[in-house]
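Accompanying notes for the structure given below.
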Amino acid sequence: MWIADQWKDYEVIDCSAGEKLERWGRFILLRPDPQVIWNTPKTDRHWKHLNAHYHRSAKGGGEWEFFDLPNQWDVHYKALTFHLKPFSFKHTGLFPEQAANWDWIADKIQSARRPVRVLNLFAYTGGATLAAAKSGAEVTHVDASKGMVSWAKENALASGLENAPIRWLVDDCMKFVEREIRRGRLYDAVIMDPPSYGRGPKGEIWKIEDAVYPLIQSCTKILSAQPLFFLVNSYTTGLQPAVLAYMLGSAMKDFDGITDAQEIGLPVSSSKLILPCGASGRWSRF
């Protein structure tokens with residue numbers, strides 16, 4: 001498992017009975033987590049001193065209960081700064097377990113010692129984009145949500161990357177890649193974090209089980225002659241690390257490199273457990 005254990009502004013304090021108790025900066029949030037199917041005593045004092053609690057509804061979805069939480073606040077990861085705010089379906093605008101991938105991305109780019117052009121698809125609020133840009137890469141950031149792209153720009157500004165070579169695009173990821181193939185534009189690295197299901201800006205339907213492998217294959221057509229890495233992340237239930245490894249290994253068979261895939265996780269302070277939080281597949285050049 002790849003573990004995001006370098007955080008100072010975030011921690012999973014405890015988890016029990018379908019919920020995880022988290023510290024985001026100086027604020028304590030309690031949110032549902034489907035992985036937490038065990039029930040252990042809630043002895044940590046923070047269980048009784050919450051800033052916000054997201055309650056899941058039996059009918060689907062849920063809602064926030066706020067006690068003392070600002071509309072927006074910041075957390076920092078190394079040299080990066082992220083604006084957070086509670087919004088629909090329990091999220092805060094950041095997936096802290098992805099720091100394990102941010103560090104890997106940064107290491108690959110810094111070790112390359114050459115200009116690196118990165119394509120980040122389904123790029124959300126820009127964690128991977130910022131990690132790549134801070135390491136010196138030129139980044140194309142693509143997401144179908146105008147709001148997410150705007151949020152990512154705010155994070156870039158907060159991280160001192162307002163002048164970094166980042167292209168911000170609101171677009172359907174598959175259609176964008178198809179256009180890049182026709183244009184002959186090449187990239188040294190691809191990052192993607194596809195949703196299980198989604199819609200593009202013009203109503204395009206995305207189902208991961210049908211679309212992810214064709215998209216990976218299409219992305220190999222816009223890779224440079226000596227690509228640096230290819231990263232695919234997934235939170236889709238049933239899409240195991242081995243499946244990610246098989247897809248990447250098959251799609252990248254004509255390039256010299258190695259493929260690996262693991263769960264990604266977060267350490268739990270109170271129990272020393274590692275909470276699994278999705279999976280990632282990584283291809284990198286020899």
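Treat the numbers as computed from the prediction; the structure is a model and nothing was measured.
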*Below 4.0 angstrom, N of the basic side chain to O of the carboxylate: do Arg183 and Glu180 qualify?*
yes
Path from [X] to [Y] over hydrophobic side-chain contacts below 4.5 Å:
| X | Y | result |
| --- | --- | --- |
| Leu266 | Ile28 | no |
| Phe27 | Leu94 | yes |
| Tyr10 | Trp151 | no |

Does a donor on one side chain sit under 3.5 Å from an acceptor on the other, for [X] and [Y]?
| X | Y | answer |
| --- | --- | --- |
| Arg185 | Tyr187 | yes |
| Asp103 | Gln6 | no |
| Ser270 | Asp44 | no |

*Evaluate the ring planes of His91 and Phe89, with Trp represented by its six-membered ring, and classify them as parallel (under 30°), tilted (30 to 60°) or perpendicular (over 60°).*
perpendicular
_Mutual orientation of the aromatic rings belonging to Trp7 and Phe82 [parallel < 30°, tilted 30-60°, perpendicular > 60°]_ =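 If you compare the ring of Trp7 with that of Phe82, the planes turn out tilted.
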*Is the distance between the ring centroids of Phe95 and Tyr235 under 6.0 Å?*
yes
Counting only heavy atoms from other residues, nucleotides and ligands, does the tally under 6.0 Å from [atom1] of [X] exceed 12?
| X | atom1 | value |
| --- | --- | --- |
| Gln226 | CD | no |
| Arg26 | CZ | no |
| Glu63 | CD | no |

Hydrophobic clusters join Ile, Leu, Val, Met, Phe, Trp and Tyr when side-chain heavy atoms are under 4.5 Å apart, directly or via other members; which others share one with [X]?
| X | answer |
| --- | --- |
| Tyr246 | none |
| Met1 | Ile3, Ile274 |
| Tyr197 | Ile205 |

Are the side chain of [X] and the backbone N or O of [Y] linked by a donor-acceptor pair below 3.5 Å?
| X | Y | answer |
| --- | --- | --- |
| Thr125 | Gly93 | yes |
| Thr236 | Leu239 | no |
| Asp68 | Asn51 | no |
| Ser16 | Thr40 | yes |

Working to the nearest 0.5 Å, report the span between [atom1] of [X] and [atom2] of [Y].
| X | Y | atom1 | atom2 | value |
| --- | --- | --- | --- | --- |
| His141 | Thr129 | NE2 | OG1 | 5.0 Å |
| Lys153 | Leu161 | NZ | CG | 14.5 Å |
| Arg285 | Phe229 | CZ | CZ | 14.0 Å |
| Ile208 | Ser234 | CD1 | OG | 4.0 Å |
| Lys134 | Ser159 | NZ | OG | 6.0 Å |
| Met252 | Thr220 | CE | OG1 | 7.0 Å |

Pair up each side-chain donor or acceptor in residues 29-38 with any protein partner under 3.5 Å, not counting sequence neighbours, and list the distances.
unit_1, atom_1, unit_2, atom_2, d
Arg31, NE, Glu22, OE1, 2.6
Arg31, NH1, Lys90, O, 3.0
Arg31, NH2, Glu22, OE1, 3.3
Arg31, NH2, Glu22, OE2, 2.9
Asp33, OD1, Gln35, N, 2.8
Asp33, OD2, Lys20, NZ, 3.3
Trp38, NE1, Cys15, O, 3.3

*Set of residues satisfying side-chain contact (heavy atoms from CB on, under 4.5 Å) with respect to Pro115, sequence neighbours excluded*: none
*Go through the steps to decide whether Leu50 and Leu21 satisfy the test side-chain contact (heavy atoms from CB on, under 4.5 Å), and finish with yes or no.*
CA-CA 9 Å; Leu50 304 175; Leu21 182 68; 3.5 Å; yes
Quick one: side chains of residues 210-217, donor-acceptor pairs under 3.5 Å with protein atoms, not counting sequence neighbours, listed by atom name and distance.
unit_1, atom_1, unit_2, atom_2, d
Tyr213, OH, Gln217, NE2, 3.4
Tyr213, OH, Ser250, OG, 2.8

